[in-house]
Enquirer: 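Let me begin by handing over the structure; questions about it come next.
Proteins get letters first, then strands, A, B, ... in listed order; numbering begins at 1 in each.
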2 protein chains.
Amino acid sequence: MFSQNHTDLAATIYDIAKKAGVSIATVSRVFNQSTKVSESTRKKILAIADEVGYHPRAHAQGLASRKSNLVMVVVPVISNYFFMEVLGGIQDKLSEQNYELSIFNISPNKDAAEQVGHVMKRRWAEGYLFISIHLQNEQWEQLKKYNVPITLVDEHFEGFDSVSVDNEQGAYRAVKSFLEMDYKRIAMLSALETSKPISNRITGYKKALQEYDVPFDERLIIEGNSMYRDGFTEKAGYEAMKKILEINPMPDACFCASDIQAVGALKAMMDTGKKIPIIGYDDIELAEYIGLSTIRQPMRDMGFFATQNLIDRMNNPQKAISQTIYTPELVERTSTSTFKDLKAK
Amino acid sequence: MFSQNHTDLAATIYDIAKKAGVSIATVSRVFNQSTKVSESTRKKILAIADEVGYHPRAHAQGLASRKSNLVMVVVPVISNYFFMEVLGGIQDKLSEQNYELSIFNISPNKDAAEQVGHVMKRRWAEGYLFISIHLQNEQWEQLKKYNVPITLVDEHFEGFDSVSVDNEQGAYRAVKSFLEMDYKRIAMLSALETSKPISNRITGYKKALQEYDVPFDERLIIEGNSMYRDGFTEKAGYEAMKKILEINPMPDACFCASDIQAVGALKAMMDTGKKIPIIGYDDIELAEYIGLSTIRQPMRDMGFFATQNLIDRMNNPQKAISQTIYTPELVERTSTSTFKDLKAK
DNA sequence: TGAAATATTGTAAGCGCTTACATTACATTT
DNA sequence: AAATGTAATGTAAGCGCTTACAATATTTCA
């Protein structure tokens with residue numbers, strides 16, 4: 001239940017010390033799990049603290065100890081399915097370890113590096129999780145100078161701990177599955193190509209084609225309008241798919257850079273009446289319900305593990321740098337299997 | 001770009017003051033937008049600060065000024081579409097006003113009031129946004145004693161600023177639209193009924209029936225399995241819809257308590273081959289793409305406005321308490337219109 | 001030109017904690 | 001019982017800022 005004795009002047013460590021007849025150091029020790037306090041005084045102090053509703057002020061603790069118990073998550077856009085899932089995993093880990101979570105949202109309108117610099121300079125958090133943040137090489141290098149624990153999620157740069165997914169492999173598997181079904185003209189519904197995950201997926205796409213001796217045709221890669229959220233929207237997917245369906249001759253399969261775009265693509269096919277098998281990317285919760293075949297990324301696990309990793313580094317800055325790469329897997333559903341059945345007939 | 005001169009011992013206000021040949025008070029004034037600094041020294045200080053990459057430490061500022069510039073968002077479950085949208089609005093407002101955002105996630109496994117009490121006691125944030133947090137009357141009362149700015153979103157309790165949606169009205173409109181189409185046996189796919197939004201929606205449902213002289217039949221209200229996320233999941237929707245389709249005689253329309261459940265419901269209809277018109281609730285981004293008719297809640301606006309409201313109160317604690325109620329509107333899409341067309345024929 | 005008014009800067013006392021080091025109380029050992 | 005070791009507590013110096021108040025510089029105006 002809530003504290004009963006609240007007044008405007010909240011109790012400080014001095015009040016508790018006075019009431020308990022001890023020094024503030026002793027009170028502080030009680031609240032810092034120090035073992036150097038006798039059981040009797042610990043109990044007395046805890047009782048008094050509870051009675052007056054005392055709780056150490058985070059700012060004072062932070063200033064005095066030069067620690068904040070705060071982990072900052074830096075993300076590009078908050079309303080995004082991938083991020084949501086990852087954040088779920090982060091939360092799980094953080095609450096388990098008694099850390100607070102703060103979120104910093106990189107606005108797409110301003111320079112990313114500048115905003116990141118701003119966050120770092122505040123020196124607020126003890127550790128940072130960068131989710132899907134893409135910077136220039138030189139900017140990553142600058143970031144290292146802050147000498148603060150940072151773990152990258154869905155991105156990798158030499159010298160940082162990172163947790164990511166093998167995008168090349170994911171795309172490769174998707175495209176390969178099409179090739180195995182004997183599709184040759186495979187389109188790729190892409191997004192902003194300057195981002196590394198996307199360029200890696202394109203590499204995987206090409207690699208699969210090469211392996212099956214299918215010549216690469218750049219006209220089959222369509223980049224959705226990326227003005228908003230780098231193109232990771234249903235709308236961008238919808239429009240890009242319309243273009244794809246107009247290519248002559250029409251592609252006979254399509255690999256989409258994300259599920260959310262694939263949803264738009266599905267809609268485009270419904271509206272135009274044209275239909276080709278598609279595979280998405282991410283495996284968002286929804287994919288199962290619309291029967292979308294997709295490449296599954298273990299998003300929640302990634303968040304959980306990345307946080308684990310970050311906390312490890314916070315506790316031991318000398319720890320060796322690790323790069324964790326999850327391999328995504330293909331999940332087949334009706335957006336491809338119906339066609340498979342047709343082929344089989 | 002990031003700071004160039006980073007060392008492990010980051011610059012403090014003293015370093016800047018010394019370099020600039022002024023007192024720390026003057027430096028502080030520059031960083032607090034005080035007008036009482038001459039333009040020339042302001043520029044000099046800013047230049048030096050930029051050069052050494054100085055930035056005031058949040059904890060020190062917070063302790064000295066007894067303010068944190070921090071707004072805490074308290075939510076029940078983070079991975080939730082409704083919350084995501086609301087958070088987007090909050091972010092917009094907050095970044096505009098230069099506040100930091102922290103998130104506290106109420107774990108469903110522990111007592112909500114206790115966790116809320118814990119957050120409040122830390123006295124960390126200057127203002128709190130409670131999103132979809134449901135407490136007992138007595139617990140709300142206790143909360144008031146902290147005497148701290150709080151704005152409720154998607155919930156209301158006398159004595160708090162709140163921003164919510166008229167759930168009764170929303171449900172009423174949905175059900176009424178069915179009644180106008182001459183459907184009589186209208187099922188409701190519900191969720192955990194102890195929550196106020198849900199009970200209000202049930203009230204609206206009943207009200208519409210009454211108005212059209214359709215007797216209320218409690219067997220037509222099916223509560224999804226609410227063990228997880230209070231039942232607001234596709235899975236819960238899927239299973240509940242299966243039950244609804246088995247009711248004898250089969251209902252001829254269904255009002256769902258959320259879009260996310262409606263997605264599951266749609267799937268259930270596909271799987272069983274039975275089909276009745278449905279209306280969801282929320283209007284999540286996805287609804288448009290799957291043609292789901294729904295009751296639109298202006299989620300982003302709610303977040304934005306609630307934050308505005310909170311900041312107003314933080315600046316003026318005497319401000320009169322306000323309750324803002326948005327009226328949701330019906331958005332008709334194919335999940336109802338196809339049926340309408342059929343009827344018309 | 002000099003006093004009064006105003007603009008700019010400095011001084012210093014906290015804000016509420018942590019923690020190294022010093023001190024005291026108590027238990028052990030001989 | 002004195003000497004020694006150990007556990008428990010206290011002392012005091014910050015942590016890096018803000019801000020009331022005091023001091024000084026600059027401007028204004030008679």
Enquirer: Would you indicate, yes or no, if C:dC17 has its OP1 or OP2 atom less than 4.0 angstrom from a side-chain nitrogen or oxygen of A:Tyr54?
Expert: yes
Enquirer: With a 4.0 Å cutoff (strictly under), does any side-chain N or O of B:Thr41 reach OP1 or OP2 of C:dT8?
Expert: no
Enquirer: Is the phosphate of D:dT18 approached by B:Ser65 (side-chain N or O, under 4.0 Å from OP1 or OP2)?
Expert: no
Enquirer: Classify the nucleic acid contact of B:Thr26 as base, sugar-phosphate or nothing, counting any heavy atom under 4.0 Å across all strands shown.
Expert: sugar-phosphate
Enquirer: Reckon A:Thr12 has a side-chain N or O less than 4.0 Å from the OP1 or OP2 of C:dG16?
Expert: no
Enquirer: For the pair A:His59 and B:Trp124, name the ring-plane relationship: parallel under 30°, tilted 30 to 60°, perpendicular over 60°.
Expert: tilted
Enquirer: Send over the distance from B:Phe31 CZ to D:dG16 P, rounded to a whole Å.
Expert: 15 Å
Enquirer: Separation of B:Lys67 atom NZ from D:dC17 atom P, in whole Å?
Expert: 16 Å
Enquirer: Find which nucleotide of DNA chain D each of B:Ala60 and A:Ile24 is nearest to by heavy atoms, and output the residue with the more 5' nucleotide.
Expert: A:Ile24
Enquirer: Is it the case that the side chain of A:Glu100 and the backbone of A:Asn69 share a donor-acceptor pair, with hydrogens and angles ignored and the cut-off at 3.5 Å?
Expert: no
Enquirer: Expressed in angstrom and rounded to an integer, what is the separation of B:Asp15 atom CG from D:dC15 atom P?
Expert: 11 Å
Enquirer: Can you measure from CD1 (A:Ile16) to NZ (A:Lys18) and round to the nearest 0.5 angstrom?
Expert: 11.5 Å
Enquirer: Report yes if the distance between the aromatic ring centroids of A:Tyr54 and A:Phe31 is under 6.0 Å, otherwise no.
Expert: yes
Enquirer: When you get a sec, tell me which of C:dC17, C:dC21, D:dG16 is the closest nucleotide to the side chain of A:Arg29?
Expert: C:dC21
Enquirer: Whole Å only: how far is the CD atom of A:Gln61 from the C1' atom of C:dT19?
Expert: 13 Å
Enquirer: When the nearest nucleotide of DNA chain D is assigned to A:Tyr14 and to A:Glu39 on a heavy-atom basis, which residue is associated with the more 5' position?
Expert: A:Glu39
Enquirer: To the nearest Å, give me how far apart NE2 (A:His55) and P (C:dC17) are.
Expert: 11 Å
Enquirer: Just how far, in rounded Å, is C1' of C:dT19 from CG of A:Asn32?
Expert: 10 Å
Enquirer: Does C:dA7 have its OP1 or OP2 closer than 4.0 Å to a side-chain nitrogen or oxygen of B:Ser38?
Expert: no
Enquirer: Rounded to the nearest Å, what distance is computed from the CG atom of residue B:Leu63 to the P atom of nucleotide D:dC15?
Expert: 14 Å
Enquirer: What's the NZ-C1' distance between B:Lys43 and C:dT8, to the nearest Å?
Expert: 17 Å
Enquirer: Closest nucleotide of DNA chain C for B:Val37 versus for B:Arg66: which of these residues is on the 5' side?
Expert: B:Val37
Enquirer: On the 0 to 90° scale, with breaks at 30° and 60°, tag the B:Phe130-B:Trp140 ring pair as parallel, tilted or perpendicular.
Expert: tilted
